[in-house]
Amino acid sequence: MSVTKVLTIAGSDSLSGGGLQADLRTYKEYKIEGSNVLTCIVTVAPNTDEVTVLGVSLPTLKAQLRECLSKENEIDVIKIGMLADIEIAKVVANHLKKVKDIPIVLDPVLALKESGLTSSQDIIDFFNTELMPLATITTPNLREAELLSGLVGIDSIEKMEEAARIIHKTGVKNVVVKGGQRLKGETAYDVLFDGTTVTILEEKKLANSYNNGAGCTFASAIASGIATGLTVEESVRKGKVFVFESIEYGIPFLPDLGNVYQGRKNKSL
Ligand code: PXL
């Protein structure tokens, strides 16, 4: 029996809401074999909420990439999450340039909502010039779309589309800009652009905010869809429902804060 495999290249979120933990849980739900290359470890101090990002050493990173990307592994799709710094991003890009015919889902984790931490301009430029051209699809949230496109104040579907068109010029095949909670109104909109067609996806916004890890889960669900043979658009549509249900059945740890739960109690997929 052949097994469908997705490789996640991402950070560990010690609180487990996002990061590679969310990715692997998503693959499990899609009945996909997930493996991971660890890029960094993110911790949040309990009392101060101070976020620390510790990148792995470059030799450790290279060893993992060599192992996981070896031909024998037969990876169907690669999903990229947090890369932490430019040196880590460069090593990952060098390895990705050597793989052929494996779709890449690039989640441009450039701003952590937990910390207000924003990446430096050099890593943003690196994403645009080196990583985007390798990717099948990228999944920026509004803040990341602003950083990548240079647009300021993306607050409407029209501006999301404009950002998607600018980001598409980098060479990435598909862009889905996520409106998420930050876009005003009752509806969670995403704008998908494939270079020709703009598709607007809608889902009602949930009242709860148990959405830690929603971004990682969305990108992983898209990777899973592609790995199981769906088109990019089908993968995005299915991924959106998957994330909606994961927030709906999220796990609260504060009244207004919680992690998405990929195990969803009511699975429509
Ligand atoms: O959800 C963004 C994200 C991605 N990757 C890691 C994280 C987080 C958020 O906390 O910790 C490792």
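Note that these values count all heavy atoms, side chains included, but never hydrogens, waters or copies made by symmetry.
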Is a side-chain N or O of [X] found less than 3.5 angstrom from the main chain of [Y], in a donor-acceptor match?
| X | Y | result |
| --- | --- | --- |
| T187 | Y189 | no |
| N208 | I247 | yes |
| T39 | L83 | no |
| N212 | G17 | no |
| S235 | I226 | yes |
| N73 | C68 | yes |
| K205 | G185 | yes |
| E203 | K240 | no |
| K238 | G225 | no |

task: Can you spot which of V92, I104, L106, L38 makes a side-chain contact (heavy atoms from CB on, under 4.5 Å) with I9?
output: V92

Quick one: do [X] and [Y] make a salt bridge, cutoff under 4.0 Å?
| X | Y | result |
| --- | --- | --- |
| D194 | K173 | no |
| R237 | E233 | yes |
| E130 | K90 | no |
| E29 | R264 | yes |

Hey, are the side chains of [X] and [Y] touching, using non-hydrogen atoms and a 4.5 Å cut-off?
| X | Y | answer |
| --- | --- | --- |
| V53 | M82 | yes |
| I137 | V175 | no |
| L65 | V91 | yes |
| H95 | K62 | yes |
| T138 | P108 | yes |
| V176 | V191 | no |
| V105 | T136 | no |
| L192 | V198 | no |

Calculate, to the nearest 0.5 Å, the distance between atoms [atom1] and [atom2] belonging to [X] and [Y] respectively.
| X | Y | atom1 | atom2 | answer |
| --- | --- | --- | --- | --- |
| E144 | L148 | CD | CG | 7.0 Å |
| L151 | L142 | CG | CG | 11.0 Å |
| S149 | I167 | OG | CD1 | 5.0 Å |
| D85 | S120 | CG | OG | 8.5 Å |
| Q21 | N259 | CD | CG | 10.0 Å |
| M160 | I200 | CE | CD1 | 8.0 Å |

query: Step by step, would you call F218 with I222 a side-chain contact (heavy atoms from CB on, under 4.5 Å)?
result: CA-CA 6 Å; F218 187 45; I222 294 170; 3.8 Å; yes

message: Does D155 form a salt bridge (charged side-chain N to carboxylate O under 4.0 Å, His left out) with K184? I'd like the steps, not just the answer.
response: CA-CA 7 Å; D155 59 3; K184 288 204 177 67; over 6 Å; no

Could you state whether [X] and [Y] fall into the same hydrophobic cluster, counting links through intermediate Ile, Leu, Val, Met, Phe, Trp or Tyr residues with side-chain heavy atoms under 4.5 angstrom apart?
| X | Y | answer |
| --- | --- | --- |
| I124 | F126 | yes |
| L15 | I251 | no |
| L257 | L206 | no |
| V44 | F253 | no |
| V99 | L131 | yes |

- request: Answer with yes or no after comparing the ring centroid distance for Y30 and F242 against a 6.0 Å cut-off, counting only values under it.
  value: yes

Establish, from distance only, whether the side-chain atoms of [X] and [Y] form a donor-acceptor pair under 3.5 Å.
| X | Y | result |
| --- | --- | --- |
| S220 | T217 | no |
| D107 | T139 | yes |
| Y27 | T8 | yes |
| N211 | S209 | no |

task: Starting from the C-alpha separation in whole Å, work towards a yes-or-no answer on side-chain contact (heavy atoms from CB on, under 4.5 Å) for T43 and V51.
output: CA-CA 6 Å; T43 51; V51 175; over 6 Å; no

Which pair of heavy atoms, one from [X] and one from [Y], lies closest together, and at what distance?
| X | Y | value |
| --- | --- | --- |
| I75 | S35 | CD1-OG, 4.1 Å |
| K79 | A223 | CB-CB, 4.2 Å |
| G34 | L24 | C-CD2, 3.8 Å |
| I88 | G55 | CD1-CA, 3.8 Å |
| V177 | A145 | CG1-CB, 3.9 Å |
| Q64 | V56 | NE2-CG2, 4.3 Å |

More than 12 foreign heavy atoms under 6.0 Å from [atom1] of [X]: is that the case here?
| X | atom1 | value |
| --- | --- | --- |
| E234 | CD | yes |
| K28 | NZ | no |
| F244 | CZ | yes |

message: salt bridge (charged side-chain N to carboxylate O under 4.0 Å, His left out) for E146 and R143? Distances and angles first, verdict last.
response: CA-CA 5 Å; E146 287 172 356; R143 181 72 193 117; 3.0 Å; yes

query: Would R25 and V260 satisfy side-chain contact (heavy atoms from CB on, under 4.5 Å), going step by step from the backbone distance to the final call?
result: CA-CA 10 Å; R25 284 195 295 265; V260 294; 5.8 Å; no

query: Who pairs with R165 by salt bridge (charged side-chain N to carboxylate O under 4.0 Å, His left out), at least two apart in sequence or on another chain?
result: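 With neighbours one apart ignored, the set is E161.
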
